[in-house]
Amino acid sequence: MQKLSVEVLEKMLGADLSNHEIDMMLYIARFQDEFGHIRGVYYRDICENVGLSYQGFYDCLHSLERKGIIACEKRSYFDWDIQVINNSFCGTENFGRGYVSLHCGMVRSDEFKQLKGGAKLMALWLMREWQISRSRSGSSAYQITKENLIAKFVGLLNVSRRTVREYLGDLEPFMDVYLEKGRKYFITFKKGAYEALPGRDSENDELRNHTVTISCRRNRIKDENRQKEEEICTILKQHHKDIIKNLEFDLSAIIRESLARINASIHNKYKWKRYLNPALVHKIVIEELANA
């Protein structure tokens with residue numbers, strides 16, 4: 001699930017986040033389940049993809065937690081589990097919940113990554129409003145008075161009116177902006193900005209690949225076998241409807257159980273043979289879901 005709820009987005013807008021904090025949030029949000037829970041956030045992965053130092057990772061992590069956007073738990077020697085607060089989309093009570101999708105060409109583009117933090121948040125807010133306007137009115141353009149737009153972001157981002165206008169100009173690669181008689185903006189997002197990039201994995205495929213990767217890392221399986229990893233992803237896809245309903249489903253624990261069965265006669269865990277056995281993993285997945 002690659003969504004940010006309205007509550008999370010507006011909290012981010014008002015939290016005085018640094019550019020690195022925004023980038024980290026947008027990156028880890030790619031790997032949420034339907035409950036807004038992210039397993040296995042690994043500092044090296046974040047540092048490489050967001051451009052942070054080791055210390056920068058921990059600074060951003062703890063700052064986002066202090067600001068009430070995430071909750072963190074050290075569940076493994078290797079990585080962290082993170083909960084995005086107020087970002088669950090599981091259950092009928094969350095159907096129709098307002099959100100902005102991060103699975104789009106704009107967020108993944110190099111141009112977006114080069115923007116200042118305030119411009120990134122403005123882009124996400126405007127995309128959400130544009131999509132709501134389009135679905136309700138059928139109009140291709142989101143309309144807002146110049147004064148209302150500037151006042152909105154001066155208040156939310158605590159920046160000057162000039163800075164808001166500069167941010168709006170920086171967003172031209174993603175949207176067309178027309179100012180009518182100097183009073184009203186007409187904003188239309190370009191097709192490549194709001195659609196997913198062609199050839200990319202789906203949101204669920206990306207999450208499944210992440211889940212398998214972190215589960216292997218947590219179980220110290222170093223013999224990378226892409227074919228076996230893809231078989232595990234296929235198993236997760238096969239049982240997707242049941243898995244997304246189960247908050248306690250933990251592929252890492254299931255793989256750990258498979259290793260225990262493989263090495264039943266070896267009492268010293270340091271001497272265990274550590275490899276994926278998709279057939280055995282599938283059997284345990286079925287057992288776990290049946291007992292859920």
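Since we're looking at a predicted model, the values are computed, not measured. Quick note: residue numbers are just sequence positions, from 1.
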* To do: Please collect all salt bridge (Lys or Arg N to Asp or Glu O under 4.0 Å) contacts where either partner lies in residues 264-278, sequence neighbours excluded, each pair once.
  => none
* Asked: Does anything in residues 57-67 pair up under salt bridge (Lys or Arg N to Asp or Glu O under 4.0 Å), and if so which pairs, sequence neighbours excluded?
  -> Glu21-Lys67
[atom1] of [X]: more than 12 outside heavy atoms within 6.0 angstrom?
X: Asp16; atom1: CG; value: no
X: Lys116; atom1: NZ; value: no
X: Arg44; atom1: CZ; value: no

Among residues at least two apart in sequence or on other chains, which ones pass side-chain contact (heavy atoms from CB on, under 4.5 Å) with [X]?
X: Asp242; value: Leu289
X: Asn19; value: Asp23, Lys120
X: Thr234; value: none
X: Cys233; value: Arg208, Asn209, Val212

* To do: Go through the side-chain N and O atoms of Tyr27 and Asp45 and say whether any donor and acceptor fall under 3.5 Å apart.
  => yes
Hey, are the side chains of [X] and [Y] touching, using non-hydrogen atoms and a 4.5 Å cut-off?
X: Ile254; Y: Phe249; value: yes
X: Leu17; Y: Leu64; value: yes
X: Met1; Y: Leu207; value: no
X: Ile85; Y: Val8; value: no

Distance-only donor-acceptor pairs under 3.5 Å for side chains of residues 167-190, two or more places apart:
residue	atom	partner	partner atom	Å
Lys184	NZ	Gln143	OE1	3.4
Thr188	OG1	Ser140	O	3.1
Lys190	NZ	Glu172	O	3.0

* Structure fact -> Residues at least two apart in sequence or cross-chain that pass side-chain hydrogen bond (donor to acceptor under 3.5 Å, both in side chains) with Ser53, listed by chain then number, are none
* **Contacts of type ring pair (Phe, Tyr, Trp, His ring centres under 6.0 Å), residue His282, not counting sequence neighbours** => His239
* Asked: Which residues satisfy the ring pair (Phe, Tyr, Trp, His ring centres under 6.0 Å) test with His210, sequence neighbours excluded?
  -> Phe31
* Asked: Under the criterion salt bridge (Lys or Arg N to Asp or Glu O under 4.0 Å), which of Lys74, Arg217, Arg39 is the partner of Asp79?
  -> Arg217
Donor-acceptor pairs are to be reported for all side-chain atoms of residues 147-155 against protein atoms at under 3.5 Å, with residues two or more places apart or in another chain.
residue	atom	partner	partner atom	Å
Glu147	OE1	Arg161	NH2	3.1
Glu147	OE2	Arg161	NH1	3.2
Asn148	ND2	Thr145	OG1	3.1

* To do: Hey, could you give me each pair passing side chain to side chain donor-acceptor pair (under 3.5 Å) that has a residue in residues 123-137? Not counting sequence neighbours.
  => none
